[in-house]
Amino acid sequence: CEEHGGIYIVDTEAIETKGIFHYPKPRHLSLEELTIYIAEKKVILFGDAHNPEDSQDAEQFVTYLPLLKQAGFTDVGMEMSYRLQDAVNNYTSNPTSENRSALLKVMPYYDFTKKEFLQVIDAAIQQNLPVICLDNLDKGRTEVRDQHMKRKIDEVIKRGGRIVAFLGAA
């Protein structure tokens with residue numbers, strides 16, 4: 001519950017699946033427990049409901065981002081098409097209103113999703129953290145979406161980084 005400074009987590013390290021994945025029931029962590037929990041993690045996924053009536057997910061992510069950076073996280077992952085990476089890079093490296101407008105023009109999402117994504121990207125800019133577009137929804141893709149996301153996350157880990165990602169229903 002947010003008023004007590006905690007968050008619900010699902011620890012998926014010991015989970016293996018084939019076919020349909022059923023998420024285990026999340027458990028609550030206080031802010032103190034969360035700090036201990038993230039100390040050794042290389043990857044943390046924050047789930048987004050993709051629901052305009054439930055838009056506090058981005059706000060919560062943004063609230064925790066300074067703590068996550070302080071804990072050693074080096075990159076922010078987003079459930080955005082890899083095809084948007086150049087526009088995201090242009091905006092994050094030079095956050096002008098022109099670059100923000102250019103990014104908005106190429107984002108093929110609902111307005112509430114664009115708003116949430118920009119909240120997260122703006123917070124990453126404030127924390128001086130790079131943003132990585134993790135998604136691959138191309139119709140003719142040769143790499144399965146989840147494999148693509150895993151590969152992009154592995155690239156961060158292989159260079160010694162740690163990534164926190166804002167994903168739908170993570």
Is there a side-chain contact between [X] and [Y] (heavy atoms, below 4.5 Å)?
{"X": "N99", "Y": "L103", "answer": "no"}
{"X": "D135", "Y": "M80", "answer": "no"}
{"X": "L118", "Y": "R100", "answer": "yes"}
{"X": "P66", "Y": "Q127", "answer": "yes"}
{"X": "V156", "Y": "R162", "answer": "no"}
{"X": "N90", "Y": "V88", "answer": "no"}
{"X": "T74", "Y": "R159", "answer": "yes"}
{"X": "V120", "Y": "M78", "answer": "yes"}

Atom of [X], atom of [Y] and distance for their closest heavy-atom approach:
{"X": "V164", "Y": "F61", "answer": "CG2-CE1, 3.6 Å"}
{"X": "Q119", "Y": "A58", "answer": "OE1-CB, 3.5 Å"}
{"X": "I44", "Y": "F73", "answer": "CG1-CZ, 3.6 Å"}
{"X": "S81", "Y": "C133", "answer": "O-CB, 3.4 Å"}

request  = On the 0 to 90° scale, with breaks at 30° and 60°, tag the F46-Y64 ring pair as parallel, tilted or perpendicular.
outcome  =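 Because their plane-to-plane angle lies in the 30° to 60° range, the rings of F46 and Y64 count as tilted.
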task = Determine whether Y109 and Y82 fall in the same hydrophobic cluster, where Ile, Leu, Val, Met, Phe, Trp and Tyr are linked whenever their side-chain heavy atoms lie under 4.5 Å apart.
result =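 Cluster IDs for Y109 and Y82 differ.
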Donor-acceptor contact below 3.5 Å, side chain D75 vs main chain I163 =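 Checked: no pair found.
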Partners meeting salt bridge (Lys or Arg N to Asp or Glu O under 4.0 Å) with R83 (sequence neighbours left out) =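 Salt bridge (Lys or Arg N to Asp or Glu O under 4.0 Å) list for R83, sorted by chain: D138.
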Any chance you could measure [X], atom [atom1], to [Y], atom [atom2], to the nearest 0.5 Å?
{"X": "L104", "Y": "S97", "atom1": "CG", "atom2": "OG", "answer": "11.0 Å"}
{"X": "L129", "Y": "L65", "atom1": "CG", "atom2": "CG", "answer": "5.5 Å"}
{"X": "D111", "Y": "E116", "atom1": "CG", "atom2": "CD", "answer": "12.0 Å"}
{"X": "D146", "Y": "L134", "atom1": "CG", "atom2": "CG", "answer": "11.0 Å"}
{"X": "K105", "Y": "K114", "atom1": "NZ", "atom2": "NZ", "answer": "11.0 Å"}
{"X": "F166", "Y": "E79", "atom1": "CZ", "atom2": "CD", "answer": "9.0 Å"}

When you compare the side chains of [X] and [Y], does any donor N or O come within less than 3.5 Å of an acceptor on the partner?
{"X": "Y91", "Y": "D122", "answer": "yes"}
{"X": "Q85", "Y": "N89", "answer": "yes"}
{"X": "R151", "Y": "H148", "answer": "yes"}

message = Taking atom CG as the centre, does N128 end up with more than 12 heavy-atom neighbours from other residues, nucleotides or ligands that are less than 6.0 angstrom away?
response =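 Not more than 12 within 6.0 Å, no.
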key: K158/E155 salt bridge by N-O under 4.0 Å criterion   =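 Result for this pair is no, no salt bridge flagged.
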task = Run the salt-bridge test on D154 and K150 with the 4.0 Å N-O cut-off and return the result as yes or no.
result =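 A salt bridge links D154 with K150.
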message = Test side chain to side chain contact (heavy atoms under 4.5 Å, CB included) on L84 and D86; report intermediate values, then the result.
response = CA-CA 6 Å; L84 299 174; D86 287 342; over 6 Å; no
request  = Step by step, work out the side chain to side chain contact (heavy atoms under 4.5 Å, CB included) result for L68 and I38.
outcome  = CA-CA 8 Å; L68 292 161; I38 66 173; 3.7 Å; yes
inquiry  = Taking the cut-offs as 6.0 angstrom to the six-membered ring centre and 45 degrees off its axis, would you call K41 and Y37 a cation-pi pair?
reply    =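 Verdict for Y37: a cation-pi partner in K41.
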